[in-house]
Amino acid sequence: MKIVMLGAPGAGKGTQAKKIAEKYKVPHISTGDIFRANIKDQTELGQKAKTYMDQGLLVPDELVVDLVVDRVNQPDCDSGYILDGFPRTIPQAEALDKALEELGQRVDYAIDVEVPDENIVRRMSGRRACVDCGATYHMVYAPTKKEGVCDRCGGSLILRDDDKPETVKKRLDVYHEQTQPLIDYYKSAGILKEIDGTIDIEDVFSEIVKILGE
Ligand code: AP5
Ligand code: ZN
């Protein structure tokens, strides 16, 4: 099962992708997480990506595409995977389709998690991420057991650099310009599934399970 998650920044792609990965036992591949890990490790890729991410801009396609194509060719992706945050531009989607075609494969589902812009800024200001393991929480909608402490690893929680309101607004503009066209792209391919992302986390997941099957 090869799944692409679509949706605005903060729509809940990562939250749902983790749940899908757990239930269907496929790897969760998040390009945002890969970049953040590279920033933390101060790699060359991380340093390059950071200059774009901090401004709310997309990292150039050439820094993303090969990385993802290599990743989906790893043996643990044989039975499928869930891509979260990729593709984000039409050229990225075309590059993915081309790479899959060479293997005689295709994307099975593109799941678009829909949340209006007004809700997004509110969600982002409450999001907290673990500095150590990257787990994501929300102060109101997905709180930790102990305030400021990661449930999973005990690490401390921070507001992501790019979750400041002015950067979130820029990310939304970039989303509408560069990423939203993918909705039509996957609609034309006949694999688009649209989901209401404004309902509770568990209810969103139930809708996804209805699509993917038990
Ligand atoms: P990335 O990390 O992919 O960020 P994003 O797409 O902006 O998505 P987010 O991680 O912000 O949100 P999400 O939809 O995963 O929401 P979440 O589940 O956390 O990318 C960051 C940057 O990296 C980009 O700006 C770009 O620069 C670069 N980049 C990455 N991939 C790239 C690519 N392919 N090409 C070029 N550049 C790339 O949920 C948000 C919050 O809401 C959480 O606190 C959560 O707990 C809460 N929440 C979730 N669901 C619900 C719900 N149903 N109800 C209430 N609260 C909810
Ligand atoms: Zn943690």
Side-chain angles (χ1 to χ4, degrees), residues 4-20 28-39 45-46 48-69 71 82-93 95-96 111-115 119-144 148-163 167-168 170-175 178-179 182 195-208:
V4 160
M5 295 298 286
L6 299 175
K13 302 180 296 292
T15 301
Q16 297 300 328
K18 286 192 190 88
K19 293 172 80 67
I20 298 170
H28 168 208
I29 303 170
S30 155
T31 43
D33 286 353
I34 294 172
F35 289 138
R36 281 184 288 276
N38 275 275
I39 291 173
L45 174 66
K48 280 186 191 158
K50 189 175 184 340
T51 60
Y52 298 95
M53 290 167 75
D54 282 352
Q55 297 177 70
L57 301 173
L58 294 183
V59 175
D61 289 341
E62 57 272 23
L63 292 183
V64 190
V65 169
D66 290 351
L67 186 144
V68 174
V69 170
R71 181 66 188 87
I82 169 144
L83 290 173
D84 162 17
F86 182 96
R88 254 208 171 68
T89 62
I90 296 279
Q92 289 182 16
L96 176 66
I111 300 177
D112 178 32
V113 184
E114 296 180 315
V115 176
N119 301 25
I120 297 285
V121 180
R122 198 171 39 221
R123 269 197 195 177
M124 300 302 229
S125 58
R127 171 162 60 183
R128 294 292 179 274
C130 173
V131 278
D132 292 323
C133 75
T136 301
Y137 304 92
H138 191 282
M139 291 174 78
V140 180
Y141 307 121
T144 46
V149 180
C150 178
D151 285 348
R152 210 201 287 168
C153 77
S156 41
L157 305 183
I158 48 154
L159 181 72
R160 247 166 65 177
D161 280 345
D162 59 349
D163 279 351
T167 317
V168 170
K170 180 69 198 168
R171 285 163 64 199
L172 279 170
D173 289 344
V174 167
Y175 167 76
Q178 294 181 261
T179 307
L182 291 177
I195 299 275
D196 177 4
T198 64
I199 55 180
D200 282 356
I201 293 174
E202 288 307 323
D203 296 334
V204 177
F205 187 56
S206 302
E207 292 302 310
I208 293 176

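A quick note: this is a predicted structure, and the numbers were derived from the prediction, not measured. Start at 1 and go down the list; that is how both ligands and their atoms are numbered. All values below were derived from every heavy atom in this structure, side-chain atoms included, with hydrogens, water molecules and symmetry-related copies excluded.
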(request) Can you establish whether the number of heavy atoms outside Phe205 located under 6.0 Å from its atom CZ is more than 12? (result) yes

(message) Check for me: within less than 2.8 Å of the Zn ion (ligand 2), which protein N/O/S atoms show up?
(response) Cys130 SG, Cys133 SG, Cys150 SG, Cys153 SG

(request) Quick one: closest heavy-atom pair of Met53 and Val59, and the distance? (result) CG-CG2, 4.1 Å

(message) The criterion is side-chain contact (heavy atoms from CB on, under 4.5 Å); which residues satisfy it with Ile199, sequence neighbours excluded?
(response) Asp196, Asp203, Val204, Glu207

(message) Run Leu96 and Leu83 through side chain to side chain contact (heavy atoms under 4.5 Å, CB included) and show every step you take.
(response) CA-CA 11 Å; Leu96 176 66; Leu83 290 173; 3.8 Å; yes

(message) Restricting to non-hydrogen atoms, name the atom on Ser125 and the atom on Arg128 that form the minimum distance, rounded to 0.1 Å.
(response) O-NH1, 3.0 Å

(message) Just to verify, what does Asp61 make a side-chain hydrogen bond (donor to acceptor under 3.5 Å, both in side chains) with, not counting sequence neighbours?
(response) Thr89, Gln92

(message) For Asp163, is there an ion pair with Arg171 - N to carboxylate O distance below 4.0 angstrom?
(response) yes

(message) Check Asp173 with Lys170, please: is the shortest side-chain N to carboxylate O separation under 4.0 Å?
(response) no

(request) Taking all non-hydrogen atoms of both residues into account, name the closest pair between Lys13 and Ala8 and its distance. (result) NZ-O, 2.9 Å

(request) Check each protein residue for a heavy atom under 4.0 Å from ligand 1 and list those that pass, ordered by chain and number. (result) Ala8, Pro9, Gly10, Ala11, Gly12, Lys13, Gly14, Thr15, Thr31, Gly32, Phe35, Arg36, Met53, Leu57, Leu58, Val59, Val64, Gly85, Phe86, Arg88, Gln92, Arg123, Met124, Arg127, Thr136, Tyr137, His138, Tyr141, Ala142, Arg160, Asp162, Arg171, Gly197, Ile199, Asp200, Ile201, Val204

